[in-house]
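Let me begin by presenting the structure, written as structure tokens, before commenting on it.
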Amino acid sequence: MRSALLYTFVVFVLTYTRVAANPLSDKAIKRINSKQKIWTAGRNFPEQTSRKYISNLAGTLKDDTQQNLQLINHPIDLTVELPDSFDPRDKWSKCTSLNEIRDQGACASCWAVAAVAAMTDRYCIFSKEKQQFHFSAEDLISCCETCGLGCVKGLHFAAWEYWTKLGLVSGGNYNSSEGCKPYNTPPGENFETEEMPSSSRIVDISSCKMFCESSYNVKYRNDKRYGDRAYIIERNENQIKIELYFNGPVEGVMEVYTDFLNYKYGVYNYTEGESIGHHSVKILGWGEEHGHKYWLVANTWGKGWGDEGFFKIIRGVNHCGIEDSIVAGEPIIFSLSLKKEVYKF
Ligand SMILES: *[C@@H]1O[C@H](CO)[C@@H](O)[C@H](O)[C@H]1NC(C)=O
Ligand SMILES: *[C@@H]1O[C@H](CO)[C@@H](O)[C@H](O)[C@H]1NC(C)=O
């Protein structure tokens with residue numbers, strides 16, 4: 001009897017503390033900072049941010065069986081050229097999109113936003129820094145039927161495949177009126193409501209508009225730019241580095257735990273909390289900080305999150321699965337002479 005009561009009490013306490021523990025509380029932030037010193041936690045989201053909003057932050061369907069991209073294998077002797085640290089903003093300084101941080105808002109579109117961010121960088125890099133083309137996440141979210149469910153969840157592999165088959169138009173950020181199809185979801189709204197934000201849209205044929213904003217004077221069809229090919233990169237630190245160094249940023253997927261929501265700076269290493277799902281990000285470079293090897297990564301949660309939108313994460317040990325499913329591709333550079341300017345290994 002007594003042990004039954006004790007048992008009930010213990011279960012009650014465990015259940016209660018589980019529900020009460022807010023991963024965004026000041027207490028949680030303090031606790032993370034006391035547990036380790038390699039990264040620093042701070043406030044990125046309001047303490048009362050809803051679970052719904054948080055679950056939208058990680059909107060990637062991680063299903064490696066649903067992709068049929070080619071696996072690329074770079075000649076390993078290329079590693080002799082690789083520096084200890086690499087930031088593509090130094091190598092391709094005219095490609096301004098490398099500094100950009102996009103904001104997915106309350107749309108579970110990381111799979112699309114991180115993809116077009118890398119495609120945009122690559123378009124500039126492959127044009128030898130001569131052309132910029134800001135790929136539209138909106139076009140991908142609303143028109144790619146094989147990608148998944150638009151603002152509800154999607155497959156990052158499918159995004160790259162779609163780019164090679166049907167192409168993507170241009171589009172600026174929310175409210176920018178730039179390009180053919182600017183982003184439709186405002187940044188950081190409805191943090192605290194448990195309702196599904198109005199901007200959460202499941203993709204279906206009806207939401208795919210085959211025309212541009214009236215302010216943009218180009219036909220939808222004529223604005224499309226295509227990928228020449230898309231491929232996956234082996235789960236291997238050197239293979240990923242070669243790809244980043246010679247071709248530019250890639251898209252990767254990581255498992256996100258609640259502590260990551262509070263990342264401010266340093267080299268992220270999982271400390272505490274439960275998984276909220278899989279999240280697509282743009283990996284752009286690498287380095288070493290206080291003896292910890294890291295990947296340099298751009299997030300899609302706006303400039304106010306983390307280190308001005310960027311973060312570092314432990315490199316070389318497939319931390320949170322970040323080295324598992326790296327995807328990239330080569331753009332076809334538009335030129336008046338219709339000559340493709342694509343270099344290959
Ligand atoms: C977007 O533009 C509209 C109209 O100009 C304005 O009312 C709104 O505040 C803007 N939203 C953001 C998030 O900038
Ligand atoms: C990361 O955290 C784990 C335990 O959570 C620890 O064993 C490991 O040493 C940490 N890595 C670094 C580089 O500090």
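None of these values were measured; they are calculated from a predicted model. Both ligands and their constituent atoms are indexed starting at 1 by order of listing.
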Review point. Would you call Thr164 and Asp228 a side-chain contact if the rule is heavy atoms closer than 4.5 Å?
Key: no
**Report entry** Close N or O approach (Tyr174, ligand 1; < 3.5 Å)
**Finding:** no
If you scan the protein for heavy atoms around atom 14 (O) of ligand 1, do you find one that is closer than 4.0 Å? yes
Flag atom 11 (N) of ligand 1 as yes if some protein heavy-atom distance to it falls below 4.0 Å, otherwise no. yes
Is NZ or CZ of [X] both nearer than 6.0 Å to the six-membered ring centre of [Y] and within 45° of the ring axis?
X: Lys91; Y: Tyr245; value: yes
X: Arg43; Y: Tyr263; value: no
X: Lys293; Y: Trp286; value: no

For Asn175, the ligand 1 atoms with a heavy-atom partner under 4.0 Å come out as 1 (C), 2 (O), 3 (C), 8 (C), 10 (C), 11 (N), 12 (C), 14 (O)
Filtering Ile314, Ile38, Asn269 for the heavy atom nearest atom 1 (C) of ligand 2 leaves Asn269
Judged by heavy atoms only, the candidate from Tyr270, Tyr294, Tyr268 nearest atom 5 (O) of ligand 2 is Tyr270
Between Phe260 and the options Trp39, Trp305, Tyr270, the ring-ring contact (aromatic ring centres under 6.0 Å, His included) test singles out Trp305
